[in-house]
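To find a chain, count down the sequence lines: A is the first, B the second, and so on, and within it residues start at 1.
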2 protein chains.
Amino acid sequence: MTTIRDVAKKAGVSVATVSRYLNDSGYVSGDAAKAVAAAVKELKYELNPVARSLNTKKTNLIGLIVPDITNPFFPELARAVEDVALTYGYTVILCNSDENPEKEKNYLETLKKKYIDGFIVTSNQLDAPHYANMALPIVALDRAINEHIPTVASNNREGAAMGTRVLLERGCNRILFLRGPEELNPANDRYEGFMDAIRDSGVEYDVVVCPFHFADSEKIVDRVLREQKNIDGIFASSDVSAAGALKAAAKLGIAVPDELQIVGFDGIAMGEMLTPGLTTVAQDVYKMGAIATRVLIKRIENQVEEQHFFEVPVQLKIRGTTRSVEK
Amino acid sequence: MTTIRDVAKKAGVSVATVSRYLNDSGYVSGDAAKAVAAAVKELKYELNPVARSLNTKKTNLIGLIVPDITNPFFPELARAVEDVALTYGYTVILCNSDENPEKEKNYLETLKKKYIDGFIVTSNQLDAPHYANMALPIVALDRAINEHIPTVASNNREGAAMGTRVLLERGCNRILFLRGPEELNPANDRYEGFMDAIRDSGVEYDVVVCPFHFADSEKIVDRVLREQKNIDGIFASSDVSAAGALKAAAKLGIAVPDELQIVGFDGIAMGEMLTPGLTTVAQDVYKMGAIATRVLIKRIENQVEEQHFFEVPVQLKIRGTTRSVEK
DNA sequence: CTGAAAGCGCTTACAG
DNA sequence: CTGAAAGCGCTTACAG
């Protein structure tokens, strides 16, 4: 392995000069620069990043902590993070937390020791002490951690209101809202948005808490649909739940969208594969990941960034589980 | 930051002894061990892994190279890799290659410089030179790289034969096989398996090449179904293609499974969310990832492993897109 | 503008 | 069984 010393020797300068040239830090005369460049080229020298890290305490590594990459929301996020990271010369370490604070903390600490440069985190441990005294740059995704930490999120509340109005405008008279887990901030925001839109409409509604899980959602919706025969609209807080609802309806022989209209939330790829295609409030997950990564890297590189909260607009995707608007 | 020197001083021994104790390498007397242990505890000393890496050229980091984490096959793989890696004290770096040899090579080289310990790779660049002279441990997933590199894969051929027989046993008289991209090894194995099963059956069949992409598959199947009215069975080389086929059938008003039966390949979660649920040849993706990771870590830790090819059996999942067997 | 030297925090022959 | 010392390959004040 050729080292900086070899380069220095060949170029007839000191290692300090080579280092300055390589890092573009401090002055290097034109002559010296030329000699070093030639030596680097001739020796095919490549800087050893581990040795550098030991000095700088930087690694160009960032951690992405998600509950579970298997959850269809996260792969696209991971993709965005990796794409942007690559652009800036960073590499991504993938961590599944399972929403387990211990696991999360463990990753945080292990990687900190390895001089990781920062984290992008999707977590519910909003108030966990290990975030408070983390000296490392962190950006929160989807769910706020605390005021000191920049957050990127969809406009969940407004999006949910939009989704609700889709059903309202299409003549639903009794709407079932599948509310997400109560410990999830975004789920609560969506609930608020639903309430915003439904409140003054005069339309009847039911709210049922429902995990973001296909089979559970199907079961819950099946039960509700059997009990409440007059439900003609379902707004689910996630596409996976909406898929469960659609399946339940199909099994009960309820025609979608003629007898029952369904709207989801998320915009995951599966939505268009269903029959009929799922109408949904689509989050721009890729954009969220991209913004989060840029913000994080700015922080890592000490660029000032006054903005603290980044809201990414959702977009309605009208597909087959809703009818055309009644005029 | 407390270093090994602080510990040595407090314990009244040399740093060499502390290092030996910490790494359980070389002899350390009982007394010395006790003193060091006490000092470590009192000072809350934690070894600096970066400094260690500079010496050992090991980092406990492994790279996972996939074409695109957004492809529904890979998240579960990534999850398995990460789970097992964590068990052994390794951390996973996620790399999306987009099947682009340059990108792949770039990751390989960048991370090698960072003293990454090994790679798990899903790649088509079987014969790429950058794999031939990689001194690092590598395990190939799903697609063989070369004979020197251990490979983990499903029994694609046999699985495809099984899937074909599902249609045969259920009375299909004309089967459309959606063959995957010809540059993909597993896709070709599945084609062989289909041929194995169909050849002697006397049943008519068509073969159409079809990318593992939903919308494209839908389009292709729509066209074929319009042209060939008597197709009553489709075997798709991937679940995503099968979903496209199902969608095409639905739009054409063809009843599944009564008029047309469909079988997919992969076993991704989406399959059960469709209506009807997708019958499929399910790969045990998690197991594949877990095995690959264990094999890789064994190699990294220089444990001999004579086995070179690991085949993970597929499993039939009979759901709603096929009928019950005719007796 | 440049170099000698200390330092980042560990590991590992080597001599005893 | 143990320690002094060199070494991993870089960066960074500091003095000139």
Side-chain angles (χ1 to χ4, degrees), chain A residues 1-37 39-40 43-61 89 110-117 135 301-302, chain B residues 1-37 39-40 43-61 89 110-117 135 301-302:
Chain A
M1 172 178 265
T2 117
T3 75
I4 197 173
R5 293 199 54 195
D6 303 324
V7 175
K9 197 173 296 173
K10 169 139 266 166
V13 298
S14 72
V15 295
T17 298
V18 177
S19 177
R20 275 186 220 107
Y21 170 81
L22 259 23
N23 294 294
D24 200 21
S25 65
Y27 295 99
V28 177
S29 70
D31 283 0
K34 239 169 252 169
V36 173
V40 164
L43 298 174
K44 290 186 182 157
Y45 168 73
E46 294 181 305
L47 193 146
N48 180 324
V50 178
R52 167 185 273 168
S53 293
L54 187 55
N55 285 281
T56 61
K57 303 194 191 309
K58 297 255 178 300
T59 50
N60 280 31
L61 247 35
T110 308
L111 294 176
K112 192 177 176 183
K113 278 187 228 155
K114 292 198 181 191
Y115 292 160
I116 198 167
D117 293 344
E301 299 181 351
N302 290 317
Chain B
M1 172 177 264
T2 116
T3 75
I4 197 173
R5 295 199 53 195
D6 303 325
V7 175
K9 197 173 297 174
K10 168 138 265 163
V13 300
S14 73
V15 296
T17 298
V18 177
S19 179
R20 276 185 219 108
Y21 170 80
L22 258 21
N23 294 295
D24 200 21
S25 64
Y27 295 100
V28 177
S29 70
D31 282 0
K34 239 169 251 170
V36 172
V40 164
L43 298 174
K44 290 187 181 154
Y45 169 72
E46 294 181 305
L47 194 147
N48 180 321
V50 177
R52 166 185 273 168
S53 293
L54 187 56
N55 285 282
T56 60
K57 304 195 191 308
K58 297 255 178 298
T59 51
N60 280 32
L61 248 33
T110 308
L111 294 176
K112 191 176 177 184
K113 280 187 227 154
K114 291 197 180 193
Y115 291 159
I116 199 166
D117 293 344
E301 299 181 351
N302 291 316

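- Put simply, Ser29(A) has no side-chain N or O that comes within less than 4.0 Å of OP1 or OP2 on dC1(C).
- Nearest heavy atom pair, residue Asp6(B) against residue Met1(B), reads OD2-O, 4.0 Å.
- OP1 and OP2 of dT11(C) both lie 4.0 Å or more from every side-chain N or O belonging to Lys58(B).
- In this structure, Asn48(A) atom CG and dG7(D) atom C1' are separated by 13 Å, rounded to whole Å.
- Residue Arg52(B) has its side chain nearest to dT11(C) when only dG9(C), dT2(D), dT11(C) are considered.
- Taking atom CG of residue Leu22(B) and atom P of nucleotide dT2(D), one finds them 15 Å apart after rounding to whole Å.
- Nearest-nucleotide assignment on DNA chain C puts the 5′-proximal partner with Leu47(B), out of Arg20(B) and Leu47(B).
- When rounded to the nearest whole Å, the span between CG of Leu54(B) and P of dG7(C) equals 17 Å.
- In this structure, of dC1(C), dT11(C), dC8(D), it is dT11(C) that holds the atom nearest to the side chain of Val15(B).
- Phosphate contact (OP1/OP2 of dT11(D), side-chain N/O of Lys57(A), threshold under 4.0 Å): absent.
- Under 4.0 angstrom from either OP1 or OP2 of dC10(C) there lies no side-chain N or O belonging to Ser53(B).
- The residue Arg5(B) sits apart from the nucleic acid: no heavy atom pair falls under 4.0 Å.
- Distances shorter than 4.0 Å separate some side-chain N or O of Ser19(A) from OP1 or OP2 on dT11(D).
- The local environment of NZ in Lys10(B) is sparse, with at most 12 non-hydrogen atoms from other residues, nucleotides or ligands closer than 6.0 Å.
- For Tyr45(A) and dC10(D), the shortest distance from a side-chain N or O to OP1 or OP2 is below 4.0 Å.
- A distance-only check finds no donor-acceptor pair linking the side chain of Ser19(A) to the backbone of Val15(A) [under 3.5 Å].
- Close to dT11(D), at under 4.0 Å from its OP1 or OP2, lies no side-chain N or O of Thr56(A).
- Comparing Thr3(A) and Asn55(B) by the nucleotide of DNA chain D whose heavy atom lies nearest to each, the residue mapping closer to the 5' end is Asn55(B).
- Panel note: side chain Thr59(B), backbone Ser53(B); no donor-acceptor pair is recorded below 3.5 Å.
- In the set dC1(D), dG3(C), dT12(C), the nucleotide with an atom closest to the side chain of Ser14(A) is dG3(C).
- Here Val13(B) lies in heavy-atom contact (under 4.0 Å) with sugar-phosphate atoms only.
- Look at dG3(C): its Watson-Crick or wobble partner, with both distances under 3.5 angstrom, is dC14(D).
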